[in-house]
Protein chains: 2
Amino acid sequence: MITKAPYRDSHGRRLSDYPQPSVAVDAAVLTVHDGALHVVLVQNDTGWRLPGTFVHEGETLAQAVLRSLRDKAGIEGLQPRQLHVFDEPDRDDRGWVISVAHLVVVPESSVTGAELTSVDAADGLVYDHATIIQLAVDTLRADYRASPDPEGLLGSEFTLLELLRLHEAIAGERLGKDTFRRHMIGQLVETDTYQHGVVGKPAKLYRRA
Amino acid sequence: MITKAPYRDSHGRRLSDYPQPSVAVDAAVLTVHDGALHVVLVQNDTGWRLPGTFVHEGETLAQAVLRSLRDKAGIEGLQPRQLHVFDEPDRDDRGWVISVAHLVVVPESSVTGAELTSVDAADGLVYDHATIIQLAVDTLRADYRASPDPEGLLGSEFTLLELLRLHEAIAGERLGKDTFRRHMIGQLVETDTYQHGVVGKPAKLYRRA
DNA sequence: TGCAAATAGATCACTTCTGATCAAATAGGA
DNA sequence: TCCTATTTGATCAGAAGTGATCTATTTGCA
């Protein structure tokens, strides 16, 4: 029962009387682990792949992604973002399937138990999943170039050094600390508290704007 | 006949035995007209909207977009680019329909006959079509910030002034000519020919890199 | 306690970028 | 023919940005 609506087109047919594709979602779940970007992979009978599922009726794509992460990788994700629709009609030999690739960014604490692979070492995946990872990484990098911590990976208060380390992990390269400080300070609100308990001059704590 | 493949899942069901959505495409066709960005709108019984259609079996999304433009607006498009999937299950009262929004950029000469509306004046549209236009404009602007003429709107050879006017039309604001020149020159190849027949010192003609 | 290592953040010289100015080159009209 | 308006593209001075240096402040260890 696909639709309860009494809709009929000019030929007296319902939408479901025409061929329809199955719609799947796949998610590149990225996290920062050990100073570098990692992606969550799962294994099924065909090899390593990104977690994914078919979209159920009455469900949005984002809901399908979150369900998939919960069921296949034990992850509580937050806000899936669409990356691309893979639509080659003969992409899947089970039939007509289009797949919507997503990016999900989570703090490392949310992915305990799942299999993490460095994004540089992720190859030999099924379908277009290596492409999806590349798209996801590029998107995440663009986000962090434009804003200090759009995905909220750092708690509510943090030092500029913590933010720098995060950006270096995401960018995959070292960033100049002086320029970084100057660019970030204008986009953050400073608190009147300082970090203590670590070696060095205490660093001011900042908050997202 | 959705699939000829003998695939059955572990419950003995084919993909088409599960509920599937109809998949539609909508396209924001942008062009530069009279020094400003315009979008192609079509009118049906529910009001003004972007051209769109349901995706047929065996067809990619891009093919569906191009078919829609040919049939509904008499436009020969080039390379549709995906923008976003609109997926609210009750978005369409005819049933479960997900819609993939696209951006198509064409030179003004390709849209003779279609109804052009300034992107600033496009409102009162059905569904999320105003949002799609905004997404399309933002995407196009980002493209032209990164590259001189990624959509090939200018012929193969052009002057820096022609390129500047194009960028101003797309950006929707005036751009400094000196900085513009400096940024662009490095991304173009100069020819040894000059523009003639217009007032002023002859301008060197450039080509895309 | 005192010294070494580490970090924060200010300051400085240097580089790069920007918009303004100006000379060169052309078309069109007086 | 000559003068004016217009545009190109180079040059220049000032603004903005960059990485290096230096000082202040803390922890950890001898």
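All chains are named by letter (A, B, ...) in the order of the sequence lines, taking the proteins before the strands, and each is independently numbered beginning at 1.
Rounded to a whole Å, the CZ atom of R174(A) is 16 Å from the C1' atom of dA20(D). The distance from atom CG of L205(A) to atom C1' of dT7(C) is 14 Å, rounded to the nearest whole Å. Distance F158(B) CZ to dT8(D) C1': 16 Å, rounded to the nearest Å. The distance between atom CG of L163(B) and atom P of dT8(D), rounded to the nearest whole Å, is 12 Å. One interatomic measurement links the two molecules: CG of L175(B) to P of dG19(C), which rounds to 10 Å at whole-angstrom precision. Residue E162(B) contributes atom CD, which lies 13 Å from atom C1' of dT8(D) at whole-angstrom precision. The nearest whole Å value for the distance from the NE2 atom in H196(B) to the P atom in dA27(C) is 8 Å.
Residues D26(B) and R49(B) are paired through a salt bridge, judged by an N-O separation under 4.0 Å between the basic side chain and the carboxylate.
Each of L135(A), L30(A), I132(A) was evaluated against L103(A); a single residue qualifies, L30(A), per the side-chain contact (heavy atoms from CB on, under 4.5 Å) test.
Taking CG of L140(A) as the start and OG1 of T31(A) as the end, the distance is 10.0 Å to the nearest 0.5 Å. To the nearest 0.5 Å, atom CD of residue E162(A) and atom CG of residue L160(A) are 9.5 Å apart.
Side chains of T53(B) and R67(B): a donor on one and an acceptor on the other come within 3.5 Å.
A 4.5 Å side-chain heavy-atom check between D90(A) and W96(A) finds every atom pair outside the cut-off.
Of the candidate nucleotides dA6(C), dT26(C), dA24(D), dT26(C) has the atom nearest to the side chain of P202(B). Among the nucleotides dG9(C), dT7(C), dA24(C), the one closest to any side-chain atom of K201(B) is dA24(C).
For the segment residues 177-194 of chain B, residues with any heavy atom less than 4.0 angstrom from an atom of DNA chain D are, sorted by number, K177(B), D178(B), R181(B).
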